[in-house]
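Keep in mind the model is a prediction, meaning the values are calculated, not measured. Chain identifiers are assigned alphabetically (A, B, ...) following the order of the sequence lines, protein sequences preceding nucleic acid strands; residue numbering begins at 1 within each chain.
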Amino acid sequence: MKIICNGEQCDVAADTLARVLLELGYAGAVVATAVNGAFVPISLRQNTPLKFGDAVEVLAPMQGG
Amino acid sequence: MKIICNGEQCDVAADTLARVLLELGYAGAVVATAVNGAFVPISLRQNTPLKFGDAVEVLAPMQGG
Amino acid sequence: MKIICNGEQCDVAADTLARVLLELGYAGAVVATAVNGAFVPISLRQNTPLKFGDAVEVLAPMQGG
Amino acid sequence: MKIICNGEQCDVAADTLARVLLELGYAGAVVATAVNGAFVPISLRQNTPLKFGDAVEVLAPMQGG
Amino acid sequence: MKFYGHEPCSRLLLGTAQYPSPAILSDAIKLSGTEIVTVSLRRESGATRAGQGFWSIVRDLDVKVLPNTAGCHSVKEAISTAEMAREVFQTAWIKLEVIGDDDTLQPDMFATVEAARILISEGFEVFPYMTEDLVVAEKLLQAGCQVLMPWGAPIGSGRGLNNVYGLRSLRAHFPDVPLIVDAGIGLPSHAAAAMELGYDAVLLNTAVAKAVDPVQMAGAFAKAVAAGREAFLAGPMEQRDMAAPSTPLIGKAFL
Amino acid sequence: MKFYGHEPCSRLLLGTAQYPSPAILSDAIKLSGTEIVTVSLRRESGATRAGQGFWSIVRDLDVKVLPNTAGCHSVKEAISTAEMAREVFQTAWIKLEVIGDDDTLQPDMFATVEAARILISEGFEVFPYMTEDLVVAEKLLQAGCQVLMPWGAPIGSGRGLNNVYGLRSLRAHFPDVPLIVDAGIGLPSHAAAAMELGYDAVLLNTAVAKAVDPVQMAGAFAKAVAAGREAFLAGPMEQRDMAAPSTPLIGKAFL
Amino acid sequence: MKFYGHEPCSRLLLGTAQYPSPAILSDAIKLSGTEIVTVSLRRESGATRAGQGFWSIVRDLDVKVLPNTAGCHSVKEAISTAEMAREVFQTAWIKLEVIGDDDTLQPDMFATVEAARILISEGFEVFPYMTEDLVVAEKLLQAGCQVLMPWGAPIGSGRGLNNVYGLRSLRAHFPDVPLIVDAGIGLPSHAAAAMELGYDAVLLNTAVAKAVDPVQMAGAFAKAVAAGREAFLAGPMEQRDMAAPSTPLIGKAFL
Amino acid sequence: MKFYGHEPCSRLLLGTAQYPSPAILSDAIKLSGTEIVTVSLRRESGATRAGQGFWSIVRDLDVKVLPNTAGCHSVKEAISTAEMAREVFQTAWIKLEVIGDDDTLQPDMFATVEAARILISEGFEVFPYMTEDLVVAEKLLQAGCQVLMPWGAPIGSGRGLNNVYGLRSLRAHFPDVPLIVDAGIGLPSHAAAAMELGYDAVLLNTAVAKAVDPVQMAGAFAKAVAAGREAFLAGPMEQRDMAAPSTPLIGKAFL
């Protein structure tokens with residue numbers, strides 16, 4: 001299924017946020033997620049289905065001023 | 001009838017804004033008026049009744065920065 | 001005779017400051033003169049002999065701040 | 001004998017700088033001396049006679065910026 | 001430069017307050033060549049009718065008046081004041097001032113933007129007194145303001161330009177908007193500096209009215225504003241860190 | 001204010017160097033109303049005789065000339081140059097400049113004081129270019145100088161007044177001596193500020209000559225100098241830390 | 001001084017961006033004695049997982065982290081970013097930054113106040129990046145902010161304190177509110193000056209990270225901030241216009 | 001950096017005058033880590049012998065003393081004072097101060113240069129108090145001075161650095177000469193700024209002695225001087241006119 005992850009097209013097999021994260025290599029990573037601009041806490045990733053064209057953001061700690 | 005004009009108590013006989021202005025010595029004066037905080041244009045003074053306790057403001061041009 | 005005029009070598013026939021000025025094209029020019037670093041006023045140009053190697057400065061009005 | 005010490009008149013019995021210093025209470029004090037505006041080093045105090053009206057300066061360490 | 005279609009020759013706007021006498025006020029305004037003066041509305045006594053006298057003096061000056069909402073602390077106050085001013089002074093112009101702090105007389109930009117929106121919808125031509133905030137400027141323009149009046153320093157302080165960097169940024173961001181430095185100017189050199197930054201005009205009051213000789217000071221400011229404007233147009237030299245001889249070195253004599 | 005008995009109307013003195021063309025030089029001087037211009041002496045070629053043309057242009061301006069000793073690094077050089085200038089320009093006036101450092105063109109005050117003594121003994125009327133040093137000022141006055149010309153900033157830098165405190169002190173110490181801020185001025189606001197400090201005049205060159213439009217800039221400086229002078233005479237308001245409403249609070253409506 | 005109940009010993013807060021290497025970042029933070037550092041959230045690649053490495057470095061520093069909403073231009077963006085930051089960094093602290101202009105990175109105070117209200121209602125402890133606007137400050141406090149962070153100058157400009165007067169007014173109006181000068185600091189003397197004004201702390205990044213030797217510069221800023229704070233507490237002398245001999249005149253010899 | 005062969009660790013020199021008490025003087029000096037203090041010579045009374053007590057306090061501090069010629073107005077006075085100081089304090093060091101004006105305590109550079117020549121010929125190691133004049137500096141070096149001490153502002157004024165441009169030029173012209181900013185410093189940020197300009201040390205007195213808490217202020221200055229020095233060595237960032245995001249834009253989420 002085609003979704004957008006961090007601004008880039010990607011084709012994923014999984015259909016929940018949690019599984020997509022695993023599929024895309026985020027296993028065990030300290031990241032926060034948003035779907036279509038709205039924050040999705042860890043607790044809801046399991047039950048957050050993804051559908052064609054959803055925009056997923058996966059963010060991690062980075063340098064900041 | 002007791003009203004408040006420019007912050008001071010005054011006792012007037014007249015009961016419309018237009019007549020009160022005459023009574024209080026504003027005949028022919030270049031002034032703008034407000035009743036209870038709302039602007040009353042010249043055109044409406046005639047038909048603006050005043051009742052006990054109304055707060056009338058009569059303002060004229062003054063120095064300004 | 002070789003002298004230095006305004007920093008440049010030049011060979012002149014005349015042997016007084018006044019004549020050298022004429023020879024070098026300063027006839028009628030508004031200029032002030034110095035020989036070997038010392039001011040020579042107009043009144044003395046006639047009687048100021050020049051010898052080999054003398055340094056003559058011929059200055060005129062110029063832009064200044 | 002009347003001399004001036006640190007700007008004030010004083011009457012002293014002694015007639016050398018060294019003895020005058022003792023007489024005026026500077027025994028053992030860390031001070032530098034001048035007579036009539038000229039520095040007199042310790043080594044010369046003994047042999048520095050004072051005469052009527054001499055101006056003696058006796059200076060010690062003080063706060064400074 | 002036009003203020004809502006009006007194009008004055010003079011780029012100096014003056015307030016009418018605090019002068020030693022009406023005569024001095026008139027002379028100062030005349031000598032300054034000012035074509036726009038600020039005025040206010042205050043309570044008139046039916047007995048003394050002081051305002052009537054002041055008004056006839058101003059009318060005789062034959063200048064455009066820019067009524068202000070000085071002293072207003074709320075949107076409602078400012079709007080009622082503006083409405084009354086429009087009737088009395090027969091002009092759609094209003095210098096919108098909504099004060100947010102009494103020590104610095106800093107404007108409340110939230111209230112000012114809101115009041116500007118309402119007044120413009122009522123047909124007013126608003127001259128908003130503002131800080132040098134770029135975002136506020138954008139909002140006032142969106143609200144329909146066609147002139148902006150950032151402060152130089154607090155009203156009556158005479159400190160000049162407290163935030164030159166901020167004023168320069170504002171000018172750079174809105175090259176085509178008429179910008180007037182309003183308030184805080186204390187000396188002609190301050191006014192000239194504002195104009196050299198590219199501001200379109202300067203509005204002041206205390207620096208002239210409270211001078212020992214207000215009339216002469218009015219003339220001084222008129223010249224300074226013109227000087228700053230002409231310097232801006234003439235294209236100033238670049239500032240340098242090192243010296244550069246003005247008199248040519250070439251041709252220097254050896255003496 | 002008199003410079004050795006001469007009392008000009010204009011308090012702006014201009015240099016004649018670095019203009020794009022003789023025509024622009026003339027127009028700038030004329031528009032500025034300047035009555036005193038600085039000139040120098042340089043080597044003349046018998047072939048081209050360039051100086052003769054320049055001189056006729058300056059003569060046509062019908063202004064007083066103040067010859068300088070620009071570029072001189074020694075007392076001897078300065079004196080010979082002054083003597084030659086006096087003959088050529090037919091004036092006892094000399095702007096005495098003895099440079100001590102080439103990066104800042106800072107004057108050598110030791111050499112300047114010595115040269116001033118000698119020149120004055122020879123009958124010159126000396127305009128010494130100096131730093132803001134109070135002791136140097138005292139020595140120059142003792143030497144017989146009747147005018148002092150402290151720098152604002154290095155020649156040609158356009159930085160304005162580098163040491164306002166020093167210039168203010170100098171003015172305060174010598175209230176009756178004609179003081180001219182010479183060099184470093186970059187903008188009309190700088191010139192106005194110098195005059196507001198109580199200086200008697202301003203001398204500049206690069207800021208006008210190197211402007212994109214020198215003529216217009218000359219006019220701008222003329223206005224700024226007059227503005228600063230008038231402000232000084234008019235007695236400016238006191239600067240305040242807090243705001244003070246210009247529009248009266250009393251009589252404000254309750255709306 | 002407490003930031004939402006937390007009382008650091010060090011009054012210097014540092015950003016973590018732009019350092020030449022992670023090692024230099026760590027050394028700079030350690031040497032500075034900083035106890036609070038700012039961080040951000042950025043897109044993580046499942047392949048490189050760069051953020052994971054950065055995060056472990058920061059965790060090893062054993063300091064409190066203050067996540068920012070840098071680069072956000074809308075309330076919505078800022079809020080989503082804050083929510084994500086809270087989960088990742090396990091802290092209610094958020095440095096709220098809503099940019100209104102890209103050249104100066106000036107904050108949009110309208111959006112910042114609105115976002116602050118929402119975030120505080122969601123339980124965040126907000127550190128708002130703001131201008132020196134007094135009315136904005138009041139609104140942020142009413143919204144529930146317990147710390148304010150006015151800018152010194154635009155982010156990364158290193159210009160120091162552009163509006164000292166404005167910063168002094170802000171301090172005077174809110175004597176009991178923790179105030180941090182955030183952004184624009186370029187030199188330790190700037191940081192010391194901010195603390196001398198009575199500010200509670202200073203937050204900076206570029207001035208340390210972009211120094212030739214960031215570690216040494218971090219140490220320099222730590223000392224300067226402490227110096228400025230101690231000077232504020234020690235009660236500085238009054239500035240004077242005239243000189244006053246430090247060495248006593250009394251008792252001076254006559255030589 | 002060496003002062004006539006002596007290399008102190010601390011770059012802060014302190015005066016010993018105007019402290020509330022000897023105990024506070026001692027504590028301030030100790031806390032500051034200062035290794036060089038200035039002292040003077042004044043008339044001693046045979047009765048009270050006040051100077052003896054002061055001297056024992058200073059000796060106990062175990063620091064180097066730099067005697068001054070404060071208050072001297074002539075070469076002769078300064079030389080006699082220096083000679084007396086050398087005997088009393090057993091040091092060849094002398095802070096040469098020849099005052100030329102009493103309102104600003106500006107040094108007389110003519111007399112100072114002359115006195116320096118004589119004193120150096122007598123074997124003194126001279127620390128001349130001077131203006132920022134480049135030519136004077138050159139003459140003092142030629143006279144044999146190995147340290148220069150330009151003023152920041154008039155003694156006791158606490159104004160900081162009146163002429164930053166002049167001080168920067170002086171530093172640039174004499175990169176290898178030990179330069180100490182002496183006098184005028186009022187706040188630690190002033191001292192830090194002087195060190196950031198590349199000055200080797202700072203000498204002050206009033207700013208510490210007249211603080212409400214001199215001991216704490218002494219510590220503040222010690223930190224500020226170290227901070228400024230480290231910043232100079234660490235190579236500060238370039239100041240910019242526009243903002244530059246510290247937090248990376250790349251990788252910013254779309255929310």
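With a 4.5 angstrom heavy-atom cutoff, F:F89 touches chain C only via side-chain atoms. Neither the backbone nor the side chain of F:T81 has a heavy atom closer than 4.5 Å to any heavy atom of chain C. Heavy atoms of F:E83 lying under 4.5 Å from chain C belong to its backbone as well as its side chain. Proximity to chain C is limited to the side chain of F:R49, based on heavy atoms less than 4.5 angstrom apart. For C:I42, the parts lying near chain F are the backbone and the side chain together; criterion is any non-hydrogen pair under 4.5 Å.
F:G51 and C:A60 make their closest contact through CA-CB, 4.1 Å (heavy atoms, listed as atom of the first residue, atom of the second, distance). Nearest approach of C:L59 to F:V88, heavy atoms of both residues: O-CG2, 4.4 Å. Here the shortest heavy-atom pairing between C:F39 and F:E87 reads CZ-OE2, 3.5 Å. Pairing each heavy atom of C:T33 with each of F:M84, the nearest pair is C-CE, 3.5 Å. Taking every heavy atom of both residues into account, C:G37 and F:S80 meet most closely at O-OG, 3.1 Å. F:T38 approaches C:G65 most closely through the heavy-atom pair OG1-C, 3.2 Å.
For C:R45, the CZ atom sits in a packed shell: over 12 heavy atoms of surrounding residues, nucleotides or ligands are nearer than 6.0 Å. In this structure, F:D62 places its CG atom where only 12 or fewer heavy-atom neighbours from other residues, nucleotides or ligands lie under 6.0 Å away.
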Apply side chain to side chain contact (heavy atoms under 4.5 Å, CB included) to the pair F:E44 and C:M62, showing each step before the final yes or no.
CA-CA 9 Å; F:E44 180 78 333; C:M62 206 59 64; 4.3 Å; yes
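Ranking C:G28, C:A32, C:A27 against chain F, the residue ahead of the rest is C:A32, based on heavy-atom pairs under 4.5 Å. When the candidates C:C5, C:A29, C:A34 are compared by the number of heavy-atom contacts under 4.5 Å with chain F, C:A29 comes out ahead.
A side-chain donor-acceptor contact under 3.5 Å links F:Q52 to the backbone of C:V30. A distance-only check finds no donor-acceptor pair linking the side chain of F:T16 to the backbone of C:Q63 [under 3.5 Å].
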